[in-house]
Every structure is written in C-alpha cells, then in structure tokens.
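Encoded as structure tokens, the structure appears first; notes follow it.
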Amino acid sequence: MFMRITFRLMLVASVAACTPMVPAIAPDSVPTAPSAETRAPVAPPPVTAPATQTDLSGAYDAVSFEAWREDFLNRHGGERRWEYARELQGVTPNPSVIRLDRNQPEFSRPAGSYIQNATAPARIAMARQRVDRVPWSVPQRFGVPTEILLGIWAQESAFGQVQGDFDVIRSLATLAYDGRRRAWAEEQLKHALDIVVSGKRDRAGLKGSWAGAMGQTQFMPDNYLKLGVDQNEDGKVDIWGSDADALASAANLLAQAGWKRGQGWAYEVTLPADFDYTQAEGPKHKWSYWQSRGVRLTNGQQLNAAELEEEATILLPQGARGPVFLALPNHYVIRRYNNSVSYALAIGMIADGVMGKPGLTASWPNDGPLTREQRIGAQTALTKMGYDTQGVDGVIGSNTRAALRRWQAANGRTADGYLTDALAEELIRRAR
C-alpha cells in the first residue's frame, strides 16, 4: 500500500509540474533550425516581454486589473463583447499562476532529473497496460505511433488522472494581466471565451492547468478549436472525459506539425574526444556527415532508409558529461507540443520503453537545479559581457545556450552550452 501511495504522489507531482502545449515558451527556447516547425500551423506566436510586468506576489491592484479587462474587451470583444464581459465578471488574478509560470520544471531542473522521473519503470508499465486504449484507427489515420501518444498521455495527465482544476479563463486572464506574454495569453483567453460562448463546453467544465491547458492531453484553447477531434463521433470534442477524443486530438496536432511516418524521434550516440561541441544544436546534417566526424550510434542501433535521408541535430541536454542524442525531425515535432528539450526527450523515451527498447548507455550527471535568480543572473551576465542571450527571462533555451557556447569557446572551456549552478555563479561574478 505504501508503494502504491508513494507512486501516486510521484505521478501527481510530476504531471502537475508538467508544462503542457507550449503555454510558456519564450523566444529563447525556440529551436535553432526548425524548418518543419516554422511551416507547421500549430505553434503559438513568439513571446515578447513587455516593458513592464505586473507584480502579483502580493495583493493585486483592482483598478489596474479592471483597466486591463476593459481594454481587452474593447480590443477583442467585437460582437461578443457582452458575452465576454459576462464570463469575466468577478474574475480576479490568481497569484499561484504567476508563481508557477516563473518556475517551470522543464527549464529549471536538470534534464536528467526531469527525464528519469518521467520515465520511471512504473509509469512505462502503466503505459503498456493502456496500449489497447489507443483506438487502432488513430495511428493509422494520423501516422503517429501509439507509443508516442501513450508518452504524451502519461506526461500530460497521468493517463487522464491529473488534468488540473484551475479555472482556464481565470488562469489566462491572470497571464494576460501579468504582461510577460500578454499577446499570447490574450489570444488564448479569447479562444477560451469562444469555447464557452459557442456552447462547446460550459464554464464550470472548462478546467485545466495553471497555464490554461485542458483535458487528458492538455490542449490550449486555440488548438482545441482548430485541431480537436470527435473520434467517438458523439457530436462533441470531449478531451476531458473521452480517451479516444483526447488521443486523436493529440495525434492530429502532431500530424499537422509535420510528423514523419515510419521514422523515429532520436538515437543515443557517442562523440569522439575531439568533437567540436559548438556544432551541437547548430546546423542539421545527414547521418553520413555526423558519422564522418566520429559520431557513433549506441546499442547496435541503425537508422532506417528514410532516416538516413533526414538532417539531424546533435543534442547535449545535460552537457558534455551526459547522454548525447541525434535528434531527428520528429523530435522537433514533439517540441511543438511543448517546446522543451527535456519534455521531448521524456516523451520519446517513454515511447521507447513501451516498445521494450534498451535504455541509455550513458548516465545522467547528478546536477542540482538552477534557481530563477541564477538563470536570470547568468543571462544578464552573458549579455553584459557581449554574448547576447536575446532576452532575459529565466528560461535557458537555445539562444541562451548558444550565447553560453560562444563564451565557453572564447574562454577555453568545453563549449557544450550547459549551464550548471557553479557556472551561473561564476558568470554572475565575472560580470560585476
């Protein structure tokens, strides 16, 4: 009984921390070479930090919130202004939403810690038990493998068990009022209001994560309206109560984002001693290019014919000391669901576990998490020293990693772009 309770708590903590459907992506975390991503129709708009943000750590300013509300209704209400105003009546900002937005685990915890928690043997065993819950017609129709859908289902809601009980409209109003991602949040808020006003879901049932993601596969409101699938053909898209609708909707999102049938997502590789680490997360190349530079597959793996023709990237999710991956295009498609390297690797590795593939040959380093102060301090320091991170937002994404690689290369370090707590503190000291 103790083991069952402990695992259940682990699932709740893990899934509740998961950041679903790209709700909080800053420009810093956009992949560097995403040709498939830029043409897919499901990504949120780029995030731009406003000049000022609202401090919701304490009591909020009712006057300023009301001013934002009226401005939102004036700009977005249109013919539905009265209905929007009705649904926003009495809504107040939720400080918990802001705290969670500032500390997303995909971007604050080391990749290994996040992934090992996500891919625990018990979770993979639970996924295997649910293979038959994925309608056979879904992977046939959309081309997305059952095991990938199981990975998303596991990570987003613990197979529907933890969907979030936040009022979606209040959460999105809070994020819009806060201002860090105002344009994106206001767009999602408008779509959430449309869901209610059009009768697709009643307000009481419009529950989700702190970021506004909804249902068993945590769809944002815009994707619910555009990509939701009524798989069981009962006349409604019920991603909350219907496994079939939730999984088919997720498959549709990935298919629209460019999922490549018959191809995997990534392979673990090893690097030669003289590998040029500045090439990681850089330009994509075919496997023949990487092979000619001493990169080798582990566990006797082989790319199939279609994968050999694809261009792939070398990923170092925990630096030169951790596992290394050859990321195929489908890795970036998964990141259209949540634009985090850690998240995409977790989904892929859950899928591999369901298929019974061998685990990683390399071990994850036991690094500690980075505080928000360390992340922001490192970004500020790098930019101050001439290595622009393209924004200071506390999200250690591809632009920050690229800036760090440039600093590392210029200072005789291994240019793996990996920020540890010790390195963050060093950067902060150097920039003083």
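R336 contributes no side-chain N or O that, together with a main-chain N or O of L254, makes up a donor-acceptor pair within less than 3.5 Å. Looking only at distances, a side-chain donor or acceptor of R401 sits under 3.5 Å from a matching main-chain atom of I396. A donor-acceptor contact shorter than 3.5 Å is absent between the side chain of T217 and the backbone of L247. No donor-acceptor pair closer than 3.5 Å links the side chain of R261 to the backbone N or O of V144. Judged purely by atom type and a 3.5 angstrom limit, R141 has no side-chain atom pairing as donor or acceptor with the backbone of N252. Here the side chain of T174 pairs a donor or acceptor atom with the backbone of N94 at under 3.5 angstrom. R296 places a side-chain N or O within 3.5 Å of a backbone atom of Q291 that can act as its donor or acceptor partner. Here the side chain of Q188 pairs no donor or acceptor atom with the backbone of A185 at under 3.5 angstrom. Between the Q116 side chain and the G112 main chain, a donor and an acceptor come within less than 3.5 Å of each other. Counting only distance, with no hydrogens or angles, the side chain of D245 and the backbone of N232 share a donor-acceptor pair below 3.5 Å.
Closest heavy-atom contact between N330 and G258: OD1-O, 4.3 Å. A173 approaches V91 most closely through the heavy-atom pair CB-CG1, 4.2 Å. Here the closest non-hydrogen pair linking V229 and S249 is N-OG, 2.8 Å. Closest heavy-atom contact between Y332 and A327: CE1-CB, 4.3 Å. Of all non-hydrogen atoms in S171 and F166, the two that sit nearest each other are OG-CB, 3.5 Å. The two residues V168 and A192 come nearest to each other via the heavy atoms CG1-CB, 4.1 Å.
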Could you go through the side chain to side chain contact (heavy atoms under 4.5 Å, CB included) check for I350 and R123 one step at a time? CA-CA 8 Å; I350 292 171; R123 175 172 284 190; 4.2 Å; yes

Side chain to side chain contact (heavy atoms under 4.5 Å, CB included) for H331 and L315? Distances and angles first, verdict last. CA-CA 11 Å; H331 164 84; L315 294 181; 3.4 Å; yes

Determine, stepwise, if the pair L193 / R80 fulfils side chain to side chain contact (heavy atoms under 4.5 Å, CB included). CA-CA 9 Å; L193 291 165; R80 289 183 165 177; over 6 Å; no

Report the C-alpha separation of Y177 and D61 in whole Å, then their side-chain angles, then the decisive distance to 0.1 Å, and conclude whether the side chain to side chain contact (heavy atoms under 4.5 Å, CB included) test is met. CA-CA 11 Å; Y177 170 60; D61 182 345; 4.0 Å; yes

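Checked by atom type, the side-chain pair Q379/D393 shows a donor-acceptor distance below 3.5 Å. Side-chain contact check for Q231 and S137: at least one donor-acceptor pair (N or O, by modelled atom type) lies under 3.5 Å. In this model, no donor atom of one side chain and acceptor atom of the other lie less than 3.5 Å apart for Y337 and Q155. With hydrogens and angles left out, the side-chain atoms of R99 and S96 include a donor and acceptor closer than 3.5 Å.
A distance of 3.5 Å separates OH of Y267 from CD of E307, quoted to the nearest 0.5 Å. For the atom pair H191 NE2 and D222 CG, the distance stands at 5.0 Å (nearest 0.5 Å). The CG atom of L316 sits 7.5 Å away from atom CD of E281, with the distance rounded to the nearest 0.5 Å. Separation of atoms CG (D416) and CD1 (I314) is listed at 13.5 Å; rounding is to 0.5 Å. Atom NE2 of H285 sits about 5.5 Å away from atom CD of Q279, to the nearest 0.5 Å. Considering CD1 of I347 and OG of S340, their distance stands at 10.0 Å, rounded to 0.5 Å.
Side chains of I169 and V196 form a contact here, defined as non-hydrogen atoms less than 4.5 Å apart. Inter-residue side-chain proximity for W265 and D352 is flagged as met; some heavy-atom pair is nearer than 4.5 Å. Within the 4.5 Å cutoff, side-chain heavy atoms of Q216 are placed close to those of Q163. In this structure, the side chains of R375 and V395 stay at 4.5 Å or more apart for every pair of heavy atoms. Using a 4.5 Å heavy-atom threshold, the side chains of R335 and V341 count as touching. Residues L326 and L303 form a side-chain contact, since some pair of their non-hydrogen atoms from C-beta on lies under 4.5 Å apart. At a threshold of 4.5 Å between non-hydrogen side-chain atoms, the residues R203 and R86 do not count as touching. By the 4.5 Å heavy-atom criterion applied to side chains, L225 and I195 are counted as neighbours.
Other residues, nucleotides and ligands contribute over 12 non-hydrogen atoms within 6.0 Å of the CD atom of Q140. The number of heavy atoms from other shown groups lying within 6.0 Å of CG (D202) is above 12. Other residues, nucleotides and ligands contribute more than 12 heavy atoms inside 6.0 Å of the NZ atom of K207. Crowding of N304 atom CG: a count of heavy atoms from other residues, nucleotides or ligands under 6.0 Å exceeding 12.
Sorted by first then second residue, the ring pair (Phe, Tyr, Trp, His ring centres under 6.0 Å) pairs that include residues 233-259, not counting sequence neighbours, are Y224-W240.
A salt bridge links R81 with E70: the closest approach of a Lys/Arg side-chain nitrogen to an acidic carboxylate oxygen falls below 4.0 angstrom. Remark: E66 engages R69 in a salt bridge, criterion side-chain N to carboxylate O under 4.0 Å. The residues R130 and D243 are annotated as not salt-bridged, no charged nitrogen and carboxylate oxygen being separated by less than 4.0 angstrom.
Note: H76 and F72 have tilted aromatic rings, judged against thresholds of 30 and 60 degrees for the angle between ring planes.
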Let me have the donor-acceptor pairs involving side chains of residues 358-365, under 3.5 Å, with sequence neighbours excluded, atom names and distances please.
unit_1, atom_1, unit_2, atom_2, d
T361, OG1, E268, OE1, 3.3
T361, OG1, E268, OE2, 2.9

